[in-house]
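Some notes on the structure that comes next.
What you see below is based on every heavy atom in this structure, not just the backbone, and it leaves out hydrogens, waters and symmetry mates. In this text the structure is predicted, and so the values were computed from the model without any measurement. A note on names: the letters A, B, ... follow the listed sequences, proteins ahead of strands, and every chain is numbered from 1.
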Amino acid sequence: MNPKAPRGTFDVLPADARLRLQLLKIADELLGQAGYEPFETPVFEDTELFARGVGESTDIVQKEMFTFEDKAGRSLTLRPENTAGVCRAYVEHGMHKLPQPVKLWYWGPFFRHEAPQAGRFRQFTQLGAEALGSDDPSLDAELILLLAELLDRAGVGETRLRLSSLGTPETRAAYLDELRAYLHGREDALSEDVRARLDDNPLRAFDADHPGTRAVMQGAPHLLDRLSADDADHFADVRALLDDAGLAYEIDPTLVRGLDYYTRTVFEFESPRLGAQSALGGGGRYDLLIEELGGPPTPGVGWAAGVERVLLAAGEGEPAADSRIYVALAKPDAAREGFRLARRLRDEGFRVEMEQAGRSLKGQLRQADRIGARSTVIVGDVIDVKDMRSGEQRRASDADEALALVREVGG
RNA sequence: GUGGGCGUAGCUCAGCCGGUAGAGCUCCUGGUUGUGGUCCAGGCGGUCGCGGGUUCGAAUCCCGUCGCUCACCCCA
């Protein structure tokens with residue numbers, strides 16, 4: 001056979017793995033400062049959880065889930081997103097009895113059966129944060145600002161923040177009916193593809209290029225004008241906090257996220273560096289989801305960012321240049337002495353590599369150079385410590401003296 | 001899922017009016033009997049994505065298939 005990683009999956013090689021680790025550290029620090037705690041849920045759950053949580057009618061549930069049966073015939077699904085799992089865990093562990101809100105963040109693999117492209121995979125990594133148990137608008141704003149800061153520190157460059165509010169499912173449903181009715185009344189002026197999707201995705205008509213459609217949309221009703229007073233106030237509060245923080249955003253009434261559970265605030269960060277997949281991360285409020293999943297009425301808000309997309313937008317990072325020491329062997333029977341020396345140097349906190357590949361001494365020095373060693377310890381009948389930058393070399397009479405010399409030159 | 005482009009050494013690619021595989025980089029060795037970064041020489045390394053067809057003969061032509069990629073859709 002010719003083994004290959006399955007379609008839509010990939011191996012993370014060291015250069016990339018290091019960048020991912022850097023992003024993970026940024027997230028840990030940033031979210032930790034705001035009181036978010038790390039946590040994990042399983043990578044698969046009962047299929048029912050996603051069907052109910054994400055929504056039966058969504059693309060994710062209808063065609064993108066990796067579903068399988070266990071040996072007892074239970075239907076399980078590799079998680080396509082995490083909010084449903086988070087809510088399940090919240091209910092299962094009685095987190096409503098903890099001081100609210102409960103703030104959590106996570107990092108892990110997710111799975112969607114899609115046609116892979118740049119920035120789109122079947123197994124991908126999401127980094128996310130959730131705040132459950134309070135509908136305070138400051139949580140919405142806090143999370144949005146945290147994601148903005150995270151993206152900035154990750155080096156993704158310019159982003160566009162789209163923001164909207166969906167109100168309650170009732171207002172949204174009523175609005176969509178109103179919009180459909182409006183569009184049906186002017187069907188003749190609409191483009192063909194807008195007409196084809198009129199019933200399942202009427203909002204799409206807002207971003208059509210078609211002149212006739214655009215003309216029609218000028219007078220179309222907007223969801224934001226149909227929000228209840230409470231929801232409108234909530235949205236105004238969120239915006240005020242973002243304004244205070246100086247974060248730029250665009251109100252986009254056509255922003256619909258692909259999951260059914262959103263209420264009130266929704267947002268999405270986009271990058272021009274990603275091509276067809278412009279979304280770096282996004283999220284929103286889901287005040288009814290936990291109750292829908294059988295828990296007590298509990299509001300929640302959160303986001304997820306695509307790790308691969310963030311890294312793609314950030315471009316090639318500079319690999320951290322950490323200094324190192326190389327232990328070379330001038331003769332094969334110096335191996336035990338060299339091994340001992342390497343261990344002692346590591347005990348002292350140095351980053352140490354040694355000859356373990358049967359290279360000639362010349363090859364070993366070349367290797368020392370390649371890994372960027374500051375000093376090379378050459379073990380033979382005597383021990384020499386070479387400063388790789390100056391090329392100078394000093395002789396030690398024993399291991400202790402060699403260690404002292406290394407400390408002087410540095411590793 | 002639909003349509004376009006591509007698939008030759010670890011990497012980047014050349015070869016493609018059919019005659020049975022090359023370069024650069026990387027890696028290893030030597031030039032320097034125990035010494036790097038430059039230079040020189042040599043070497044390792046390829047089921048030419050896979051399967052089938054046409055042909056005396058296919059990396060080169062044809063069909064299928066898989067993979068990558070771009071677009072639509074949707075999203076992280």
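- Atom pair A:Tyr326:OH and B:rG34:C1' shows a separation of 14 Å (rounding to whole Å applied).
- Spacing between atom CZ of A:Arg162 and atom C1' of B:rC75 amounts to 11 Å, rounded to whole angstrom units.
- The base of B:rC75 lies close enough to the side chain of A:Arg309 for a donor and an acceptor atom to sit less than 3.5 Å apart.
- In this entry the distance linking CG of A:Asp59 with P of B:rG1 reads 14 Å, nearest Å.
- Scanning atom types as modelled, one donor and one acceptor separated by under 3.5 angstrom connect the side chain of A:Lys386 and the base of B:rU35.
- Looking at A:Glu270, its side chain has no donor and acceptor atom pair within 3.5 Å of the base of B:rA76.
- Among the protein residues, A:Ala328 comes within range of no part of the nucleic acid, since none of its heavy atoms lies under 4.0 Å from any strand.
- Across all strands shown, B:rG7 pairs with B:rC66; the Watson-Crick or G-U wobble distances both stay below 3.5 Å.
- Across all non-hydrogen atoms, the minimal contact from A:Leu31 to A:Trp303 is CD2-CZ2, 4.1 Å.
- Across all strands shown, B:rG45 remains unpaired; no Watson-Crick or G-U wobble contact has both distances below 3.5 Å.
- Within the 4.0 angstrom heavy-atom criterion, no nucleotide atom of any strand lies near A:Val379.
- A gap of 15 Å separates the P atoms of B:rC44 and B:rG10, to the nearest Å.
- Close to B:rC27, at under 4.0 Å from its OP1 or OP2, lies no side-chain N or O of A:Arg366.
- Taking the C1' atoms as reference points, B:rU55 lies 26 Å from B:rA14, given to the whole Å.
- Between A:Arg359 and the phosphate of B:rU29, there is no side-chain N or O to OP1/OP2 separation shorter than 4.0 Å.
- You'll find the ring centres of A:Phe124 and A:Phe111 outside the 6.0 Å limit.
- Closest to the A:Glu114 side chain, of the nucleotides B:rG31, B:rA76, B:rG34, is B:rA76.
- Comparing the P positions of B:rG4 and B:rC63 gives an interatomic distance of 13 Å, to the nearest angstrom.
- Comparing the same atom, P, in B:rU8 and in B:rU47 gives a spacing of 13 Å after rounding to whole Å.
- A salt bridge is defined here as a Lys NZ or Arg NE, NH1 or NH2 lying under 4.0 Å from an Asp or Glu carboxylate O, and A:Glu149 with A:Arg153 meets this definition.
- B:rG22 and B:rA9 have their P atoms separated by 14 Å, with the value rounded to a whole Å.
- Residue contacts for A:Gly391: at a heavy-atom cut-off of 4.0 Å it reaches a base atom on one of the strands shown.
- Taking atom CG on A:Asp387 and atom P on B:rG37, their separation rounds to 16 Å, with Å as the unit.
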Query raised in the report: Which is it for A:Lys25 and A:Asp28 under the salt bridge (charged side-chain N to carboxylate O under 4.0 Å, His left out) test, yes or no, and what are the steps along the way?
Result: CA-CA 5 Å; A:Lys25 283 179 186 162; A:Asp28 181 30; over 6 Å; no
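- Considering only side-chain atoms of A:Met388, the nucleotide from B:rG36, B:rC74, B:rU35 that sits closest is B:rG36.
- In this structure, B:rG19 and B:rC56 make a Watson-Crick or G-U wobble pair, each of the two defining distances being under 3.5 angstrom.
- Looking only at side-chain heavy atoms (C-beta outward), A:Val377 and A:Tyr326 stay at 4.5 Å or farther from each other.
- Of the two residues near RNA chain B, A:Asp381 and A:Lys362, the one whose nearest nucleotide lies more 5' is A:Lys362.
- B:rG34 is unpaired under the criterion used here, namely a Watson-Crick or G-U wobble arrangement in which both key atom distances are under 3.5 Å.
- Applying the side chain to side chain contact (heavy atoms under 4.5 Å, CB included) criterion to A:Val409, with sequence neighbours excluded, gives A:Ser375, A:Val385, A:Asp387.
- Salt-bridge formation is detected for the pair A:Glu142/A:Lys103: a Lys NZ or Arg NE/NH1/NH2 atom is positioned less than 4.0 Å from an Asp or Glu carboxylate oxygen.
- Base pairing of B:rG1: its partner is B:rC72, meeting the Watson-Crick or G-U wobble criterion (both donor-acceptor distances under 3.5 Å).
- Both A:Ser390 and A:Gly363 lie close to RNA chain B; mapped to their nearest nucleotides by heavy-atom distance, the more 5′-ward contact belongs to A:Gly363.
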Sub-3.5 Å pairs of nitrogen or oxygen atoms, protein against nucleotides 67-69 of chain B:
| unit_1 | atom_1 | unit_2 | atom_2 | d |
| --- | --- | --- | --- | --- |
| B:rC68 | OP1 | A:Gly8 | N | 3.2 |
| B:rC68 | OP2 | A:Arg7 | NH1 | 2.5 |

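- With A:Glu130 as reference, A:Tyr286 is the one residue of A:Tyr286, A:Tyr36, A:Tyr90 to meet the side chain to side chain donor-acceptor pair (under 3.5 Å) rule.
- Comparing the C1' positions of B:rG18 and B:rG53 gives a spacing of 15 Å, expressed to the nearest Å.
- Distance from the side chain of A:Glu268 is smallest to B:rA76 among B:rA76, B:rG36, B:rU35.
- Aromatic stacking of A:Phe110 on B:rA76: not satisfied for centres closer than 5.5 Å together with planes under 30 degrees.
- An OP1 or OP2 oxygen of B:rU35 is reached within less than 4.0 angstrom by no side-chain nitrogen or oxygen of A:Thr376.
- If you take atom P in B:rG1 and the same atom in B:rU65, they sit 12 Å apart, rounded to whole Å.
- The CG atom of A:Asp369 sits 12 Å away from the P atom of B:rC28 (whole-angstrom rounding).
- For residues 358-381 of chain A, the salt bridge (charged side-chain N to carboxylate O under 4.0 Å, His left out) pairs, not counting sequence neighbours, are A:Lys331-A:Asp381.
- Nucleotides B:rU2 and B:rC11 have their P atoms positioned 30 Å apart, rounded to a whole Å.
- Straight-line distance from the CZ atom of A:Arg79 to the P atom of B:rA76: 14 Å, rounded to whole Å.
- Listed here is the closest heavy atom pair of A:Thr376 and A:Ala368: OG1-CB, 3.4 Å.
- Summarising the geometry, the separation between CD on A:Gln364 and C1' on B:rC27 is reported as 16 Å, rounded to the nearest angstrom.
- Rounded to whole Å, the distance from CD1 on A:Ile371 to P on B:rC27 is 13 Å.
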